[in-house]
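Please read all numbers here as calculations on a predicted model, not as lab measurements.
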Amino acid sequence: MKYWLAILCLLFACTKPIVQEVNLIPKPQKVEINEGAFSLSFNTNLIVDSLFYAESDYLKTLLNLELKGKGNTIELLKKEGLQEEEFFLNISADNLKIEASTPIGIMRGIQTLRQLLPTKKGVVVTKIPCLEIHDFPRFSWRGMLLDCCRHFMDKEFVMRYIDLLAYHKMNVLHWHLTEDQGWRIKIEKYPKLTEIGAWRTEKDGSIYGGFYTKEDIKEILAYAKTRHITVVPEIEFPGHSAAAIAAYPYLSCTGDSINVGTEWGVYKDIYCAGNDTVFAFMEDVLTEVMELFPSKYIHIGGDEAPKYRWEHCKKCQQRIKEENLHDEHELQSYFITRIEKFLNKNERQLIGWDEILEGGLAPSATVQSWRGEEGGIAAAKSGHDAIMSPTSHCYFDYGLDATDLKEVYHYEPIPAELTEAEAKYILGGECNMWSERAPQELVDSKVFPRILAMSEVLWSTKEKDYDHFYARVQKHYSKLDAMGVKYGFESVPITSTVLFNADSFAVSLFKGSPDMRLEYSFNNKDWQAYTVPFGVNETSTLMARGFKNEKPYGEFEQEIIRHIATGKKVNYTIPYSRHYKGTGDNNLTDGLLGSVENFRDGYYQGFSGTDFEVVIDLGETTTFSSIQTTFFQYYLSWIVLPTVVSYAVSEDGKNFTKIETIANKISLMQEGKFKHTFKVVSQDLKARYVKVKATTVGKLPKEHPAAGSDAWIFVDEVIIE
Ligand code: ACM
Ligand code: ZN
């Protein structure tokens with residue numbers, strides 16, 4: 001019996017075709033894999049429709065073969081009636097055929113073929129699996145923003161990204177070229193834009209900068225053309241313009257000279273909307289931009305333009321009166337509409353960030369939705385095209401704690417609120433690579449592998465299968481390695497929960513990718529494999545490290561502080577913000593501190609526009625000698641220290657005796673990110689209840705870029721010892 005079964009199994013195995021695995025990202029619309037392979041060699045011949053000569057030149061370079069043989073054939077053929085990017089790729093043992101209606105479709109097909117090629121170099125005969133693919137994109141706009149302003153990126157790097165976009169069937173490079181911290185495009189009529197505006201003096205006195213000459217840009221655009229990637233330039237109006245104003249101070253409301261920005265964030269000096277020479281400047285700059293860039297769309301920014309200067313500018317106020325505008329938002333709309341008229345006159349279309357909705361949308365503008373989906377929804381509902389890049393899923397400058405591979409993969413660009421007819425206005429989406437925290441050498445680690453998910457969101461069908469995608473990503477890494485991509489992690493590689501229970505902290509570690517293993521230690525001693533949660537009962541530095549495919553994959557460090565109030569109950573007089581909850585009601589006594597680098601690390605509680613007041617119940621009368629509370633400041637994110645911190649104690653939780661009030665002496669405008677501790681030390685403190693009160697500055701003052709907005713208080717722990 002056993003014998004027969006073995007024979008049957010053998011027969012079945014022999015008759016079942018040996019189908020090779022193919023691994024494509026983004027996933028094709030339709031793919032059927034067949035038995036056998038096409039052998040690509042010096043014997044292979046190439047037959048090309050004359051429409052596709054440029055693409056065939058690219059293909060020959062890619063394959064590094066003459067393709068004049070007499071054996072099997074590769075064909076690039078025209079097929080009528082397909083969409084612009086649609087193609088068929090049919091591979092049999094003796095014929096490899098790509099068919100499309102346009103050169104763009106052929107290029108997309110060639111990129112699929114490129115992903116099918118083995119990564120090993122120097123093989124004489126290359127085997128390509130037999131298959132049939134019919135592919136086309138779900139969305140026509142599949143973009144990535146590259147911010148070459150906060151950090152300058154060299155010409156070769158930009159071209160490399162154009163190639164990487166093409167490889168993953170993205171089709172738009174949104175090139176962010178002007179900013180507060182640097183103007184990066186040479187404009188003949190305004191030479192100081194690059195003589196002055198392209199260079200900033202860093203805090204250490206060093207000069208940082210760079211710009212693209214017209215020749216550089218032409219070279220980049222010619223390269224993009226070979227890959228059928230559209231490069232959309234972004235020239236920011238009216239905000240994010242400090243570098244231009246540093247070069248030509250007359251462009252601002254005050255006319256005062258300012259420096260090219262060095263801090264990240266939003267600057268209140270913007271172009272004056274009441275001054276006609278600003279509009280002449282705008283037209284001159286855009287004229288030179290349009291001479292270079294063939295793109296139908298020009299992105300004009302429009303985001304984060306504080307209205308403070310306009311509110312206090314005679315010319316801007318005069319303009320509001322003359323044009324019968326209600327307020328500064330309508331003045332912004334007037335500004336953008338004037339740009340739009342100019343672009344339309346030159347047969348170009350305007351794109352702006354979703355702030356261009358405020359005060360009324362310019363008649364034919366396309367909206368790029370970034371502050372959530374709302375901008376895209378409003379645009380589509382009013383019959384305007386929209387590009388989706390909400391911070392929730394598309395900001396690749398954000399850490400993996402905010403947006404990891406899986407979250408990007410599950411992004412759906414069509415908001416649920418839209419009807420089928422309205423959904424047609426969603427052209428597609430973009431992932432945004434802002435570079436405040438990413439000089440060129442770090443960009444790969446932020447973009448990859450997340451862009452693999454984005455390419456699939458924008459190209460493939462709506463149906464999701466994360467496990468399948470994840471398996472393909474694992475196989476895709478060897479291709480990225482071959483292209484020298486220094487990809488980063490898929491998600492935060494190591495996270496923890498630390499819970500104080502009775503008399504000790506219970507520590508659990510979690511791995512960010514399923515195929516990792518973890519090790520941990522205390523204070524970098526006695527490393528051991530992590531298998532199950534463990535306990536810690538004293539102040540220590542917990543360290544962990546991860547491995548994937550036996551290569552290091554992430555490190556982790558966490559201070560655990562054991563003090564008298566650890567695990568004790570906290571009563572809030574004023575509730576914490578639902579946006580910054582920290583670890584919840586026990587955040588202030590959980591033994592875990594927030595970091596300076598990342599105030600979104602989950603260990604801070606935030607209070608917006610209100611004071612902070614809590615009472616900690618130690619459970620019984622306790623003797624102690626110090627109380628300290630640490631607050632965080634980063635004024636560009638509107639988080640500032642309290643003006644005063646006061647401490648009081650009580651036996652009954654009702655009648656409190658004040659111990660000390662400590663005034664803050666640090667300026668609200670002090671630059672950078674830092675923590676500051678307010679500490680009281682006294683030998684004979686004895687109480688059950690401890691009250692901590694911190695007074696907010698309330699509204700941000702006029703010297704702040706976001707003057708008038710609510711200030712945040714951020715606090716991580718109240719330590720009693
Ligand atoms: C943006 O992120 N300020 C568009
Ligand atoms: Zn003005």
Inset, instruction - Please answer whether the main-chain N or O of Phe136 pairs with a side-chain N or O of Gln29 as donor and acceptor at a distance below 3.5 Å. - result: yes

Inset, instruction - Give a yes or no on this: more than 12 heavy atoms of other residues, nucleotides or ligands lie within 6.0 Å of atom NZ of Lys479. - result: yes

Inset, instruction - Would you name the heavy atoms of Pro26 and Ser455 that are closest together and state the gap between them? - result: CB-O, 3.6 Å

Legend entry - Side-chain donor/acceptor of Asp444 to backbone N/O of Val485, under 3.5 Å: no

Inset, instruction - May I ask you to check whether over 12 heavy atoms, not counting those of Glu156, lie within 6.0 Å of atom CD? - result: yes

Legend entry - Backbone of Cys394 reached by a side-chain donor or acceptor of Ser389 within 3.5 Å: no

Inset, instruction - List the steps and the verdict of salt bridge (charged side-chain N to carboxylate O under 4.0 Å, His left out) for Asp397 and Arg150. - result: CA-CA 12 Å; Asp397 55 321; Arg150 272 54 175 263; over 6 Å; no

Legend entry - Heavy atoms from other residues, nucleotides or ligands near NZ of Lys68 exceed 12 (cutoff 6.0 Å): no

Legend entry - Taking every non-hydrogen atom, the tightest pair across Lys189 and Glu288: N-OE2, 3.0 Å

Inset, instruction - Check each of Glu86, Glu456, Glu412 against Arg138 using the salt bridge (charged side-chain N to carboxylate O under 4.0 Å, His left out) test, and report the only one that passes. - result: Glu412

Legend entry - Short side-chain to backbone donor-acceptor contact, Asn45 and Lys70, under 3.5 Å: no

Inset, instruction - Look at the rings of Phe152 and Tyr212 and say which category their plane angle falls in: under 30° parallel, 30 to 60° tilted, over 60° perpendicular. - result: tilted

Inset, instruction - Measure the spacing between CG of Leu452 and CG of Leu405 and express it to the nearest 0.5 Å. - result: 7.0 Å

Inset, instruction - Compare every heavy atom of Arg227 with every heavy atom of Arg108, then report the nearest pair and how far apart it is. - result: NH1-O, 3.3 Å

Inset, instruction - Scan side-chain atoms only and decide if Glu355 and Gln332 contain a donor-acceptor pair under the 3.5 Å cut-off. - result: no

Inset, instruction - Sort out for me which residue in Glu436, Arg184, His240 forms a side chain to side chain contact (heavy atoms under 4.5 Å, CB included) with Glu179. - result: His240

Legend entry - Pair Trp353, Glu234: side-chain N/O donor-acceptor within cut-off below 3.5 Å: yes

Inset, instruction - Would you confirm whether the ring centroid of Trp459 sits within less than 6.0 angstrom of the ring centroid of His168? - result: no

Inset, instruction - Give a yes or no answer on whether the side chain of Asp49 reaches the backbone of Leu51 with a donor-acceptor pair at less than 3.5 Å. - result: yes

Inset, instruction - Assess the side chains of Asp481 and Ser478: does a donor N or O sit below 3.5 Å from an acceptor N or O? - result: no

Inset, instruction - Assign the ring pair Phe335 / Phe237 to parallel, tilted or perpendicular, where the plane angle (0 to 90°) is split at 30° and 60°. - result: tilted

Legend entry - Least distance between heavy atoms, Val172 atom then Leu165 atom: O-CD1, 3.8 Å

Legend entry - Side-chain ion pair, Lys345 and Glu283, N-O less than 4.0 Å: no

Legend entry - Side-chain donor or acceptor of Ser435 paired with backbone N/O of His151 under 3.5 Å: yes

Inset, instruction - Measure the spacing between CG of Asp385 and CH2 of Trp141 and express it to the nearest 0.5 Å. - result: 9.5 Å

Legend entry - From CG (Leu193) to CD (Glu188), nearest 0.5 Å: 11.0 Å

